[in-house]
Amino acid sequence: METPEYRIRATDHIPDMVQLIERLQKKTFTYESEGSIYYRIAKFPEYGKLSKIDLTGIQAGARVDNDRYEKESARDFALWKAPKPGEHFWETEIGKGRPGWHIECSAMAMKYLGETLDIHTGGIDLAFPHHENEIAQSEGATGKPFVRYWLHAEHLLVEGEKMSKSLGNFFTMRDLYGKGYKPSALRYALASVPYRRQLNFTFDGLKQATSSVERIRNFADRLRQGKFPAGLKSGMKQRAAKALNDFDAGLADDLNTAVALAATFDFVREANIAMDTGSFGQEDVAAAQEFLAAFDQIFAVVKDNDAEKLMELGFGAAQEQASDAWVESRLAERQAARRRRDFAKSDEIRKELADRGIIIEDSKDGSVRWKRK
RNA sequence: GGCGCGGUACCCAAGUGGUAAGGGAGAGGUCUGCAAAACCUUUACGCGUGGGUUCGAUUCCCACCCGCGCCUCCA
């Protein structure tokens with residue numbers, strides 16, 4: 001996730017909203033009623049094209065009995081609301097009041113991104129009426145398509161139930177990290193299910209994500225620390241190219257992350273086999289790492305910044321990290337013990353390291369890889 | 001009630017009119033002093049249920065069941 005270029009507030013953009021409403025007024029998309037300004041949906045025949053809603057059954061005034069305002073049609077929505085007693089309001093060219101819900105999005109999006117956006121995302125619950133109204137406002141004012149592609153994300157479930165305040169089944173990142181789950185595992189768990197699927201968030205799923213991330217990280221470590229023969233004709237470069245191609249194809253198909261991950265794991269397995277059989281050459285390392293870099297640009301789990309992220313949120317500071325130098329010295333001692341076949345001592349040191357969160361892996365060539373849990 | 005999304009192995013999940021990707025977990029095995037990692041084998045004659053179309057359906061059509069969202073306010 002990259003930091004956005006702009007972080008903006010609706011309250012800093014009241015003039016932009018007012019200007020947009022004025023544009024709509026000039027084109028007679030609006031009418032006033034009791035100090036509020038409404039959007040006249042009858043003037044925008046394409047209304048409903050996004051959510052495929054059919055307005056023919058909706059009658060004017062059908063559901064407006066307890067509506068305080070007079071509207072021409074039940075579906076018309078407020079662009080600008082007359083002030084209510086005791087409520088904050090702005091003094092503007094179009095009168096006193098405050099903006100309607102939808103206008104801020106149209107005004108701000110077009111200000112920073114232009115009159116036609118490439119991609120507009122949001123939760124599926126916003127498709128109607130919010131996004132539908134954004135379209136009506138924006139296209140009414142500009143006469144141009146507002147958005148090329150809409151991406152609507154499904155809602156998630158928690159342990160098979162819908163997430164709700166009354167059920168109390170929602171978690172903050174802080175909750176999850178407090179339970180020992182890593183930021184990378186959470187990112188993976190959320191990203192591994194395609195966005196249009198209803199993701200069922202479970203702790204079991206988080207554990208599975210943790211294991212999957214470890215599998216990929218183990219591969220990255222092996223790539224970084226392993227010794228491979230030079231001058232081999234392995235074909236791994238072509239394999240990496242195919243993996244990258246499949247990975248991209250998956251994402252290009254409506255962000256099918258499941259397919260992209262399958263391509264990734266296929267490659268990891270093939271490369272591991274090549275390593276096990278000695279047919280993975282030194283020249284292949286770069287190609288494999290390039291693939292992982294491309295993968296990580298999307299999933300951001302290989303590069304381990306978990307400790308850093310946790311620190312930012314106030315976790316982990318209390319726990320003293322074992323220093324690299326200390327780990328190396330303990331490993332040297334263990335290797336010495338192993339050479340004299342003193343396995344009791346060797347295992348004792350391994351246990352000592354494990355207690356400090358250091359996992360070690362012996363390899364055939366006598367070298368030892370280690371990582372922090 | 002209307003509109004929409006979904007129901008695939010123990011769990012997560014891809015997918016197609018022609019016989020079920022990938023990950024996790026379990027079991028067995030290879031490697032190892034032992035581990036770990038990695039690799040191999042194994043776990044859906046089956047893809048919510050019942051009909052239909054077809055040479056053939058998980059994939060198309062119809063009906064039904066279940067889960068979720070929107071259809072009112074607020075954002």
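Chain naming here is simple, since letters A, B, ... match the order of the sequence lines and numbering starts at 1 in each.
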Original post:
Which is true for Arg350(A) with a 4.0 Å heavy-atom rule: it touches a base, it touches only sugar-phosphate, or it touches nothing?
Top reply: base

Subject >> Asn272(A) side chain near rC39(B) phosphate (N/O to OP1/OP2, under 4.0 Å) >> reply: yes

**OP:** Kindly say if Lys207(A) contacts the phosphate of rA25(B), meaning a side-chain N or O under 4.0 Å from OP1 or OP2.
**Re:** no

Original post:
Hey, does Asp347(A) reach any base, or is it just sugar-phosphate, or nothing, if we go heavy atoms under 4.0 Å?
Top reply: base

Original post:
P atom, rC60(B) versus rA14(B): distance in rounded Å?
Top reply: 16 Å

Subject >> Sugar-phosphate only, base, or nothing, as touched by Arg338(A) at under 4.0 Å among non-hydrogen atoms >> reply: base

**OP:** To the nearest 0.5 angstrom, please state how far the CG atom of Leu50(A) sits from the CD atom of Glu132(A).
**Re:** 5.0 Å

Original post:
Has the side chain of Ser36(A) got a donor or acceptor atom that lies under 3.5 Å from a matching backbone atom of Ala82(A)?
Top reply: yes

Original post:
Does NZ or CZ of Arg356(A) fall inside the cone over Trp326(A)'s six-membered ring, less than 6.0 Å from its centre and within 45° of the axis?
Top reply: yes

Original post:
Quick one: Glu361(A) CD to rC39(B) P, roughly how many Å, whole number?
Top reply: 12 Å

Subject >> Nearest-angstrom distance from the residue atom NE2 of His88(A) to P of rA75(B) >> reply: 15 Å

Subject >> Side-chain N or O of Asn256(A) closer than 4.0 Å to phosphate OP1/OP2 of rG15(B) >> reply: yes

Subject >> Rounded interatomic separation in angstrom, taking CD from Glu161(A) and P from rC66(B) >> reply: 17 Å

**OP:** Have a look at Asp221(A) and say if it touches a base, only the backbone sugar-phosphate, or nothing, with a 4.0 Å heavy-atom cut-off.
**Re:** nothing

Original post:
So, is Lys351(A) close to the rC34(B) phosphate, meaning a side-chain N or O under 4.0 Å from OP1 or OP2?
Top reply: no

Subject >> rG24(B) versus rU43(B) - spacing of their C1' atoms, nearest Å >> reply: 13 Å

**OP:** Let me know the distance between CG of Asp204(A) and C1' of rA13(B), rounded to the nearest Å.
**Re:** 13 Å

Original post:
Quick check: are there more than 12 heavy atoms from other residues, nucleotides or ligands sitting under 6.0 Å from CZ of Arg340(A)?
Top reply: yes

Original post:
Under 6.0 Å between the ring centres of His152(A) and His131(A)?
Top reply: yes

Original post:
Ring centroid separation for Tyr112(A) and His13(A), is it under 6.0 angstrom?
Top reply: yes

Original post:
Rounding to the closest angstrom, what is the interatomic distance between rU42(B) and rA21(B) at atom P?
Top reply: 13 Å

Subject >> Under-3.5 Å donor-acceptor pair between Gln198(A) side chain and rC68(B) base >> reply: no

Original post:
Checking all strands, does Arg334(A) fall into the base, sugar-phosphate, or nothing category for heavy-atom contacts under 4.0 angstrom?
Top reply: base

Subject >> Rounded distance (Å) that lies between atom P of rC34(B) and atom CD1 of Ile359(A) >> reply: 20 Å

**OP:** Determine: side-chain N/O of Arg197(A) to OP1/OP2 of rC12(B), distance under 4.0 Å, yes or no.
**Re:** no

**OP:** Please give the nucleotide sitting opposite rU19(B) as a Watson-Crick or G-U wobble pair, both distances under 3.5 Å, or none.
**Re:** none

Original post:
Under 6.0 Å from the NZ atom of Lys27(A), do we count more than 12 heavy atoms belonging to anything else shown?
Top reply: yes

Subject >> Out of rC40(B), rC71(B), rA38(B), whichever nucleotide has its closest atom nearest the side chain of Ile273(A) >> reply: rC40(B)

Original post:
Does a nitrogen or oxygen in the side chain of Arg215(A) sit under 4.0 Å from OP1 or OP2 of rA25(B)?
Top reply: no

**OP:** Between rG50(B) and rG23(B), how far apart are the C1' atoms? Round to whole Å, please.
**Re:** 34 Å

Subject >> C1' spacing across the pair rC47(B) / rU16(B), given as an integer number of angstrom >> reply: 12 Å

Original post:
When the C1' atoms of rG67(B) and rC61(B) are considered, how many whole Å apart are they?
Top reply: 24 Å

Original post:
For Asp125(A) and rG4(B), what is the distance between atoms CG and P respectively, to the nearest whole Å?
Top reply: 18 Å

Subject >> Phe203(A) CZ to rC11(B) C1', straight-line distance once rounded to whole Å >> reply: 16 Å

Original post:
Base, sugar-phosphate, or nothing: which does Phe265(A) touch, judged by heavy atoms less than 4.0 Å apart?
Top reply: sugar-phosphate

**OP:** Would you mind classifying the nucleic acid contact of Thr264(A) as base, sugar-phosphate or nothing, using non-hydrogen atoms under 4.0 angstrom?
**Re:** nothing

Original post:
Who does rC60(B) pair with, Watson-Crick or G-U, both distances under 3.5 Å?
Top reply: rG52(B)

Subject >> Length of the line joining Trp370(A):CH2 and rA37(B):C1', which is rounded to integer Å >> reply: 17 Å

Original post:
Taking the same atom, P, in rA44(B) and in rA20(B), what whole-Å distance lies between them?
Top reply: 12 Å

Original post:
C1' atom, rG48(B) versus rG7(B): distance in rounded Å?
Top reply: 6 Å

